[in-house]
Every structure is written in structure tokens, then in C-alpha cells.
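Each chain gets a letter, A, B and so on, in the order the sequences are listed, and its residues count up from 1. We use all heavy atoms of the structure for the numbers below, so side chains are in, but hydrogens, waters and symmetry mates are not.
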There are 2 protein chains.
Amino acid sequence: MKKITKYIIKNSLKRIFLYRASLVRLKMMGVEKVFSYTLANETGVTSDQVRKDFSEFRIKGNKRGGYEINELLGNMEEIFHRNKDHNIVLIGMGNLGLALSKYSKFVQRNMNVVATFDIDPFKQKMRSDLPVYSMGRLKEIIDRFKVKVAILAVPEISAQEVTDELVRVGIKGIVNFAPVLLKVPADVIVNNVNLCDELESVIYCVHKMIKADGLKNIELLYRDMKY
Amino acid sequence: MKKITKYIIKNSLKRIFLYRASLVRLKMMGVEKVFSYTLANETGVTSDQVRKDFSEFRIKGNKRGGYEINELLGNMEEIFHRNKDHNIVLIGMGNLGLALSKYSKFVQRNMNVVATFDIDPFKQKMRSDLPVYSMGRLKEIIDRFKVKVAILAVPEISAQEVTDELVRVGIKGIVNFAPVLLKVPADVIVNNVNLCDELESVIYCVHKMIKADGLKNIELLYRDMKY
DNA sequence: TGTATTTTGTGATTTTTTTCACATCAAACT
DNA sequence: AGTTTGATGTGAAAAAAATCACAAAATACA
């Protein structure tokens, strides 16, 4: 129906995240240099793939010498704009929203949840470490902190309505935890995280594997879960 | 380094989840029948793709008549073994674990968290609606409830250690929320849900888009976020 | 009952992604 | 210094995935 022309990104991006996770671990273990096959072994891809992905993102190593972990991590920081601070807002302070608001890893990666919002801010305020505002103050806060990305953790029934509001006030990216397909303009990115689907797909693969039992098909199943 | 031969699954599986989400919504709106292009429009893929995916999973419609939503949902229940109940355990009752233990959607889809585990079960017990056990009782509970799949929400520092234990007691699938790459035998499925990565990839795409600004590249970026 | 219309289902084709393979370079060793 | 060794980087080849395109089937309607 509609043709989409190639640009960049694709699975490479997801694999870059994998590589980085692996690099962080290796660094912690005191390793300083890696080869493409080191990363390959760690992450379960081929060494060619690692090099191709790096090539895609213009990441260079030294022939024979492999890659300096620190340099590599630096490259990746660059790619993900980790040098800059990113202000985020979080909408919906139910159980999940609350947990996300306390998730310390975001801060460690320079992603700061500057404010949270809820229909009933007073009820949630006491449980939260962060300020909880009513939706009425969304525009004010977003403008003040130049927020471009929001985490959406509201009940599915109000997800679309809240999304429309987010789009209206200028949000350009949404990580959506509500199990609904949001309608947004073409210039707004939505990344759906569907917890049920994640669990269900594991159940599916486990079943499939138990049934297939053989060792032949396992690799692909495994592979498919990862990227 | 290693060759992986085709079997089944691939992105189709992820898209099936998309279709289902869309079908559930349409059904709620009172719709009873869909055509491949209805689903295509709803989910942002092409109608050919929808039909190809269905073909992959042996889902049949009627020529000219399209697909009966109920029948389609039935097919998908079949695919995901939704008719059966699935017992799950949840390891790690920190903020995230607690939120997941209260996540009502799992139950709605026949996935029951039958027990939770934590290093310090007594501290967590009062906040939880579900039983919280110490890790020592893992094998007993898993055997009793025939659990094959676990949700891992422990700190990254103990993730591998806990995983080893899970594998030892016979767990075959893990949804891992710790931002580490777990080492598991080939017959154990790991599905990593990395909250930082999800957020970061949105930030990445938003940046990319603001920079590219044009309308030409937007579609692909959007697409890549979804599947 | 027959014809027109519309949508499925799937081989054939095109595009994208992955893998292969090798020239190229840098270090290590003699 | 020269030679050997071992890893990168990248075009070329292969494989996989998406799109096209059309025959087959089912409905609607005359």
C-alpha cells in the first residue's frame, strides 16, 4: 500500500544496545580491549555482524588491535547523545508509573524524569519522591524543561486521550506501557512496551521448544527473542 | 562463525501481537469482521504483510468475506496457548517487581504469578498481595505449580546468580528486566526488557528526526520503533 | 443462473539484511 | 628491517523478508 525507502537504523540499533551492555560488563570485569569475536560470543551474533554494525555507525577499531572498550563506549555515548541531559516526563502514577519514577537507571544514563503527572496528584503525592502534577500543568512544565519525550503509564482506557494531549503540547517521542496502539501524527515516535506480550512470547517460544524438543531449532528461537 | 537455518517465527510473531491488539480494540468498538487492509491501516503495515503473516501461521479467512474477528482471536489464542493457564514466578520484589506482581493484565491473559521471591521476603511481604518466599523455597514451589517461566526483576548484580538457580530448578523461559546479558544454556529462552534502552532508543529517534526534520525519513523511523 | 466485483492466498520478484571472503593494515616476532 | 600473523573493514554473494501481482474463490447483484 505504501512504500518505505531505506534510510538507516534497523536491527543494528538494537544490537548496538546489546554490544553496549556487553561492553559495560566487560569493562567492569577489568577488560580493556575487545575483538569483534569477543563481542560476538558475548552477545550471540556473528563477528561479521558486529563489524558490519560498527561500520554502519562509522565506528572504527584498529586493525589487528581490535577495539578499545572506552573508546567504543565513547562512540556509543555519542550515538545516543548521552553527553547531553534529557528531560523526560512520566504520565500516570499507578503501580507501574510509581516504579518507573523510582527507577534509578534512567538517571545514571542522563535521562531525568523531571516531573510526573496523574489525574489525582494528591493521592499519589505521598508515595512519590518526584513532584506529581495534575494534567493541567503539563504544558507549563514541558515548556520550562524543554521536554520532548514522555513515558506513558496510564490505564489503557485513557491512553489515547492523554496521547492526544501530549502531542498537542509538543511531545515528539512516547514510551507507551499501555497495551493499545496509539494514533499519533507521523512526526511523533511511539515505542510500545507491552509487558503481557513480552511474557506471552516467552511462553510461546518455550512451548514451541518443548514441542520441537530437538536441538536443531533452538538456536533460531533463541535468536529471535533477542533482536 | 555459525550458521542458523530458517525455521519459523521472525517478525511475524511480533506483528501477530500487533494485530491482536488491534482486533481487541475493534471488537470493543462493535466491529465483527475485518479485511486485511483494515488491520493494515490500524497497525501501519501493508495488507500483503498481514496476509503473509496469517499464511505463516496457517490462519485462514474467507475470500471476499475477509476475517471474522472472533475466529481470528480464537486462532491467536490457539497460537499463544491462551486456552491453558500458565503459572509464572516472579523473582525480586523491589519497586519494579512489586509493580509487576500487581499488574492485573497478566491474569486477564491466563498468566498467573503464583508466587514471588525475594532475598528479604519479610520486608516485602507487607506491601505485596501475593505470597513472598525466600529463594530457598524456589524448587518446591516451581515443582508444585509446574512453573516453566519466570520474571526476573532483581538488581543487575545478582541477576546472573539468580538465573543460574532458575535454570538449575528447571525454568525454561525468563523475562529479564535486569540490564545484563544473561548466560543460559541453549534450551532456555531469555527475553530481555531493558527499560533504559527503550527510553533511549526513543530519544535517539526523536533526535534523529528533529535533525533530519524532513518528512521523507520519518516513516521508516516510525516503522522501526514498532516491530 | 451467470456475470461482475472484491478479497484472499501464495508463487514470483524485489529489496533488505546477513554472511562470506579477502584485501588491507598494524602489531609482534625474528 | 622484513616477515609472519591476526584482526579489521567492506565489496560481493547468499539468504531472508517484504512487496508485487494475479489466480482462485466467494459474495452480490442482475
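- Listed by first and then second residue, the salt bridge (charged side-chain N to carboxylate O under 4.0 Å, His left out) pairs that reach into residues 155-164 of chain B are Lys105(A)-Glu156(B), sequence neighbours excluded.
- Using the six-membered ring where Trp is involved, Phe80(A) and Phe17(A) have ring planes that are parallel, under 30° apart on the 30 and 60° scheme.
- Contact annotation: Ser55(B) side-chain N/O to dG9(C) OP1/OP2 distance is not under 4.0 Å.
- Per the geometry, CZ belonging to Phe35(A) stands 11 Å off P belonging to dG6(D), to the nearest Å.
- Atom NZ in Lys60(B) sits roughly 15 Å away from atom P in dA24(D) (whole-Å rounding).
- Distances from the side chain of Tyr67(B) to the nucleotides dT18(C), dT19(D), dT8(C) place dT8(C) closest.
- A donor N or O paired with an acceptor N or O is found under 3.5 Å between the base of dT19(D) and the side-chain atoms of Lys52(B).
- The CD-C1' distance, from Gln49(B) to dG9(C), rounds to 14 Å in whole Å.
- When rounded to the nearest whole Å, the span between CD of Glu68(B) and P of dA26(D) equals 15 Å.
- Nearest nucleotide to the side chain of Ser36(A), out of dT8(D), dT10(D), dT18(C): dT8(D).
- Between the side chain of Thr163(B) and the main chain of Ala159(B), a donor-acceptor pair closer than 3.5 Å is present.
- Nucleotide dA15(D) holds its P atom 14 Å from the CG atom of Asp48(A), rounded to whole Å.
- Other residues, nucleotides and ligands contribute at most 12 non-hydrogen atoms within 6.0 Å of the NZ atom of Lys33(A).
- When the nucleotides dT19(D), dA7(D), dT7(C) are ranked by their closest atom to the side chain of Tyr37(B), dT7(C) comes out on top.
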Next item on the list: Please assess Asn70(B) against Lys27(B) for the test side chain to side chain donor-acceptor pair (under 3.5 Å), listing each intermediate value before the final yes or no.
Entry: CA-CA 8 Å; Asn70(B) 281 326; Lys27(B) 185 180 176 178; 2.9 Å; yes

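- Neither OP1 nor OP2 of dG9(D) sits under 4.0 Å from any side-chain N or O of Arg58(A).
- Residue Arg51(B) contributes atom CZ, which lies 10 Å from atom C1' of dC20(D) at whole-angstrom precision.
- Between Phe54(B) atom CZ and dT7(C) atom P the separation is 15 Å, expressed in whole Å.
- Near DNA chain D, defined here as any heavy-atom distance below 4.0 Å, there are no residues from residues 20-34 of chain A.
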Notebook entry, point to check: When you check every protein heavy atom under 4.0 Å of nucleotides 24-30 of chain C, what one-letter string (B, S, -) results, 5' to 3'?
Noted result: BBBB---

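- Residue-environment remark: NZ (Lys84(A)) exceeds the threshold of 12 foreign heavy atoms within 6.0 Å.
- Within a 6.0 Å radius of CD in Glu32(A), other residues, nucleotides and ligands contribute 12 heavy atoms or fewer.
- We find that Asp53(A) and Lys14(A) are not joined by a salt bridge, their nearest charged nitrogen and carboxylate oxygen being 4.0 Å or further apart.
- Rounding to whole angstrom units, CD of residue Glu56(A) and P of dT18(C) are separated by 9 Å.
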Next item on the list: May I have the step-by-step check of side chain to side chain donor-acceptor pair (under 3.5 Å) for Lys148(A) and Asn87(A), ending in yes or no?
Entry: CA-CA 7 Å; Lys148(A) 285 274 161 277; Asn87(A) 293 335; over 6 Å; no

